[in-house]
Amino acid sequence: MSAFARLAALVRAALARLQERGELPRDLSFDAVVVEPPRDPAHGEAATNAALLLAKPAGKPPMELARALAAALAREPEVVAARAAPPGFVNLDLDPDFWRAEIRAALEAGTDYGRLDLGRGRPVNVEYCSANPTGPLHVGHGRGTVVGDALANLLAHMGYRVTREYYVNDAGAQIEALARSVHLRYREALGEPIGSFPEGLYPGEYLVPVGRALAERYGDRYRTAPESEWLDLFGREAVAAMLARIREDLAALGVRHDVFTSERALVEAGKVEEALDFLKSKGLLYTGTLPAPKGKPIEDWEPVPQLLFKATAFGDDTDRPLKRSTGHWTYFAADIAYHLDKWRRGFDWMIDVWGADHAGYVKRLQAAVKAFSDGAATLDVRLCQLVNLLDGGKPLRMSKRAGRIVTLRDVVEEVGKDVFRFVMLTRKNDAPLDFDLVAVTEQSKDNPVFYVQYAHARICSVFRHAREQGFPTAREELVRAPLERLSDPAELALVRALALWPRCLEQAARHGEPHRLAFFLVDLAGLFHALWTKGKEHPELRFLVAEDRPLALARLALLAAVRTVIAAGLGIIGVQPVEELG
RNA sequence: GCGCCCGUAGCUCAGCAGGAUAGAGCACGGGAUUCCUAAUCCCGGGGUCACAGGUUCGAGUCCUGUCGGGCGCACCA
């Protein structure tokens, strides 16, 4: 059990004793009782709000309850001081050994330290990236990809059975546009001048090799053939080529999905009809005419009767069309089928990571999931805001017209996958993020990736010196270190920060917010750097004290624990900790 | 017009499940290097948490409204 979980248990036990003595009513819920590290050190090392919460149901003044609780807690051997503080907090100071024990726990558990079986094997489907297979990934895709991948890692770490999934939108008008674009490149490869690309097609250079490959394979067989003869074939070929490219882009980021689901395959297998029949059987489909959307007027608006889903019955703002006037299914219809498919594969929890420009889509899909599962399945959507690419503080123009889109691959090759991944988690997902190609590779404390890696590298450096100087460094020896020798405030501050790791992990998982790990690591690294520098001014605080080997061993144990937590955190983020700075 | 997200120090952002006197970095001013990596650290000033109500013992956090910014809004994806 983690430090704060133990404290919470202590508080609950103390409350139970108060109940036994009749000082508290029996039928109380302790659910909202928390034990937290206070912001202000004057409020102790841990604080509980129990008395504030229970005062009303107990019919007693908060301070009176707080004093009773403090008295009960003061008897615990780990508790050095328990004070009631207005308006009714109980502040605790713990025996340093209570915190020091976390070092041993971290050493024994390694990167499993703080790991909790929150999920109990519950399956969760995390869908992320899911970029259309019409071109390479760009930087914006990269953010959602990293957020989704780190979230998947985090949930897997915490006991969920995670499936990482990519939905391939390989059907519809965009694929026809892709096929036509490739056909142009194909004709170009056969020596034909093609001029400029018509509006709506994909002029990017990345289709040139695809056209060339098709020219080699098929010669001029489809050069002047009617579209009906090649549209489907070229579409498939182009999607295959783009998907191969996207998989390479993902691999460069260290991302590997478990499942790629093809929209086209779903459609061809009749899953859309099946899904809609299912909703129909629940009485949730009807044919009707939607009112014209307000706001900017649409030129060619005509009121047409459409097949609609009763999304308003499940919290959406309007009912949603399922079939286009062309007779094709809407994207939404296919998406319902897709999510129903996920549900039937055993996922009653699904997380989709999307770009913020899809925000307007969230309610309708959640409505659909609620509808087909009768409320038994949950769809969470995490929206990622834009990434502003900068180059030395100046915005990098991503002009699509000039064909100068900055691909994810370009950026990852320039700054490295580890830097990219970490920086993508230095903001919460729903805040815009500046990504400066220069700043993220600078080796300075202003660069959080570097700052954390530097802490890890410094610890590794200490261990190299330790081995050279004949200090014991094996884990079996470090766990036996006399940890009570750690007594400097800077050391104990680092120990207490370390003890917060399990709590950080749990909360990050509960909230589905992997960026919290990145922030935690920056804080932990900061306390480590502070301790390090303190050793510069106070040589007695240096880690490798030759004349006092037990003390050195205790300090090495602390450093090993910090290194373990950094490595664990970086591991979930998907970053390789460095042992030396390059 | 409607929906979603955002509004916290001069700038960029945290703020943990509603907790106490709101934090960090940058920038600005001052300081630390016989030493395990100074690629770092320490000290200092700096705030009407957009605004107005409400719920609560307690609100940056929850609810309502207003203002400001971003995104989206039939038959695209």
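Every chain is numbered from 1 and lettered A, B, ... according to where its sequence line falls, protein lines coming before strand lines. Side chains included, hydrogens not; waters and symmetry mates left out as well; all remaining heavy atoms used.
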### Task
Mark this stacking check for A/Phe543 against B/C36 as yes or no, applying ring centres under 5.5 Å and ring planes under 30°.
yes
### Task
Report which part of the nucleic acid A/Ser444 touches: base, sugar-phosphate, or nothing (heavy-atom distance under 4.0 Å, all strands).
sugar-phosphate
#### Entry: Nearest-Å distance once atom C1' is located in both B/C13 and B/C6
13 Å
### Task
Using a 4.0 Å heavy-atom cut-off across all strands, classify A/Ala85 as base, sugar-phosphate, or nothing.
base
### Pairing of A/Glu513 and A/Lys428 as salt bridge, 4.0 angstrom limit
no
### Summary
Using Watson-Crick geometry (N1-N3 plus N6-O4 or O6-N4) or G-U wobble (N1-O2, O6-N3), each under 3.5 Å, B/A24 is paired with B/U12
### Query
Which part of the nucleic acid, if any, lies within reach of A/His358 when heavy atoms closer than 4.0 Å are counted: base, sugar-phosphate only, or nothing?
base
### Summary
Result for 5'-nearest mapping on RNA chain B, choosing between A/Leu544 and A/Ala47, is A/Ala47
### Message
Can you tell me how the ring of A/Phe332 sits relative to the ring of A/Phe309, calling it parallel under 30°, perpendicular over 60° and tilted otherwise?
### Response
tilted
### Message
Measuring only the P atom in each nucleotide, how far is B/U21 from B/C4? A whole number of Å is fine.
### Response
33 Å
#### Entry: Residues in side-chain hydrogen bond (donor to acceptor under 3.5 Å, both in side chains) contact with A/Arg382, at least two apart in sequence or another chain
none
### Query
Which heavy-atom pair separates A/Leu386 from A/Arg143 by the least distance, and what is that distance?
O-NH1, 3.3 Å
### Task
Quick one: label A/Asn49 by what it contacts on the DNA or RNA (base, sugar-phosphate, nothing), any heavy atom closer than 4.0 Å.
base
### Message
Can you check the distance between B/A59 and B/U8, where both ends of the measurement are the C1' atom (answer in whole Å)?
### Response
14 Å
### Query
For the side-chain hydrogen bond (donor to acceptor under 3.5 Å, both in side chains) test, which of A/Asp316, A/Asp317, A/Thr312 pairs with A/Lys363?
A/Asp317
### B/C4: pairing nucleotide in any strand, Watson-Crick or G-U under 3.5 angstrom
B/G70
### Message
Need the pair for B/A59. Rule: Watson-Crick or G-U wobble, both distances under 3.5 Å, any strand; none if unpaired.
### Response
none
### Task
Quickly work out the A/Leu266 CG to B/A77 C1' distance and round it to whole Å.
16 Å
### Task
May I ask you to verify whether the side chain of A/Asp523 and the base of B/A24 hold a donor-acceptor pair under 3.5 Å?
no
### Task
Only pairs at least two apart or in different chains count here, so list each salt bridge (Lys or Arg N to Asp or Glu O under 4.0 Å) that has a residue in residues 532-550 of chain A.
A/Arg485-A/Asp548, A/Asp488-A/Lys534
### Message
Just verifying a value: how many Å separate A/Asp436 CG and A/Leu389 CG, rounded to the nearest 0.5 Å?
### Response
9.0 Å
### Message
Does anything in residues 34-50 of chain A form a salt bridge (Lys or Arg N to Asp or Glu O under 4.0 Å)? List the pairs, not counting sequence neighbours.
### Response
A/Glu45-A/Arg496
### Query
What integer number of Å spans the C1' atoms of B/G31 and B/U56?
47 Å
### Message
If you only use heavy atoms from C-beta on, which nucleotide in B/C36, B/C4, B/A74 is closest to the side chain of A/Arg542?
### Response
B/C36
### Query
Between A/Leu386 (CG) and B/G70 (C1'), how many Å, whole number?
8 Å
### Summary
Scanning all shown strands, the Watson-Crick or wobble mate of B/G18 with both distances under 3.5 Å is none
### Query
Can you tell me how far P in B/C63 sits from the matching atom in B/C5, rounded to whole Å?
9 Å
#### Entry: Minimum heavy-atom distance between A/Leu53 and A/Ala32, given as atom pair plus value
CD1-O, 3.2 Å
### Message
Could you go through A/Leu498 and A/Trp99, starting from their C-alpha distance and side-chain angles, then the distance that decides it, and tell me whether this counts as side chain to side chain contact (heavy atoms under 4.5 Å, CB included)?
### Response
CA-CA 9 Å; A/Leu498 184 83; A/Trp99 300 113; over 6 Å; no
### Message
Using whole Å, what does the distance between atom P of nucleotide B/C36 and atom CD of A/Gln469 come to?
### Response
9 Å
### Message
For the base of B/A20 and the side-chain ring of A/Phe89, does the geometry meet a stacking cutoff of under 5.5 Å between centres and under 30° between planes?
### Response
yes
### Shortest non-hydrogen contact between A/Ala525 and A/Ala455, atoms and distance
CB-CB, 3.8 Å
### Query
Which parts of residues 312-323 of chain A get close to RNA chain B, meaning a heavy atom less than 4.0 angstrom away?
A/Asp317, A/Pro321
Using atom names, set out every protein N or O paired with an N or O of nucleotides 5-13 of chain B below 3.5 Å, distance rounded to 0.1 Å.
| unit_1 | atom_1 | unit_2 | atom_2 | d |
| --- | --- | --- | --- | --- |
| B/C6 | OP1 | A/Asp430 | OD2 | 3.4 |
| B/U12 | O2' | A/Arg427 | NH2 | 2.7 |
| B/C13 | O5' | A/Arg427 | NE | 3.3 |

#### Entry: 5′-ward residue of the pair A/Ala171/A/Gly526 relative to RNA chain B
A/Gly526
### Message
What verdict does the side chain to side chain contact (heavy atoms under 4.5 Å, CB included) test give for A/Phe4 and A/Val34, after you've listed the backbone C-alpha separation in whole Å, the side-chain angles of each residue and the deciding distance to 0.1 Å?
### Response
CA-CA 9 Å; A/Phe4 277 85; A/Val34 292; over 6 Å; no
### Separation of the P atoms in B/A77 and B/C62, to the nearest angstrom
35 Å
### Query
Given the C1' atoms of B/G1 and B/G47, what is the spacing between them in whole Å?
36 Å
### Query
Judged by modelled atom types alone, do A/His43 and A/Arg83 share a side-chain donor-acceptor pair under 3.5 Å?
no
### Nearest to side-chain heavy atoms of A/Pro38, which nucleotide of B/A20, B/G72, B/G15
B/A20
### Message
Could you tell me how far apart A/Leu500 (CG) and B/G15 (C1') are, to the nearest whole angstrom?
### Response
14 Å
### Query
Can we say A/Glu102 and A/Arg6 salt-bridge, meaning some charged N sits less than 4.0 Å from an Asp/Glu carboxylate O?
yes
### Query
Roughly how many Å is it from CG in A/Leu541 to P in B/A32, rounded to a whole number?
19 Å
### Interatomic distance where CG belongs to A/Leu559 and C1' belongs to B/U37 [whole Å]
14 Å
### Separation between the C1' atoms of B/G70 and B/G54, rounded to whole Å
28 Å
### Query
Base, sugar-phosphate alone, or nothing: which one does A/Glu442 contact when heavy atoms must sit under 4.0 Å apart?
nothing
N/O to N/O distances under 3.5 Å, protein versus nucleotides 56-61 of chain B:
| unit_1 | atom_1 | unit_2 | atom_2 | d |
| --- | --- | --- | --- | --- |
| B/C57 | OP1 | A/Lys56 | NZ | 2.4 |

### Query
Applying a 3.5 Å limit to both distances, which nucleotide forms a Watson-Crick or G-U wobble pair with B/C36?
none
### Query
If only side-chain N and O atoms of A/His328 are considered, is one of them under 4.0 Å from the OP1 or OP2 phosphate oxygen of B/C75?
no
### Query
Could you state the CG-P distance from A/Asn429 to B/C4, rounded to the nearest angstrom?
17 Å
### Summary
When both distances are under 3.5 Å in a Watson-Crick or G-U wobble arrangement, the nucleotide paired with B/G47 is none
#### Entry: Atom pair distance, as rounded to whole Å: NE2 in A/His465 and C1' in B/C36
5 Å
### Task
Applying salt bridge (charged side-chain N to carboxylate O under 4.0 Å, His left out), run through A/Arg464 and A/Glu468 and close with a yes or a no.
CA-CA 6 Å; A/Arg464 283 192 296 271; A/Glu468 282 165 18; over 6 Å; no
### Query
When we call it a touch if two heavy atoms are under 4.0 Å apart, what does A/Phe463 touch: a base, just sugar-phosphate, or nothing?
nothing
### Message
At less than 4.0 Å, is any side-chain N or O atom of A/Lys363 found next to OP1 or OP2 of B/G3? Yes or no.
### Response
no
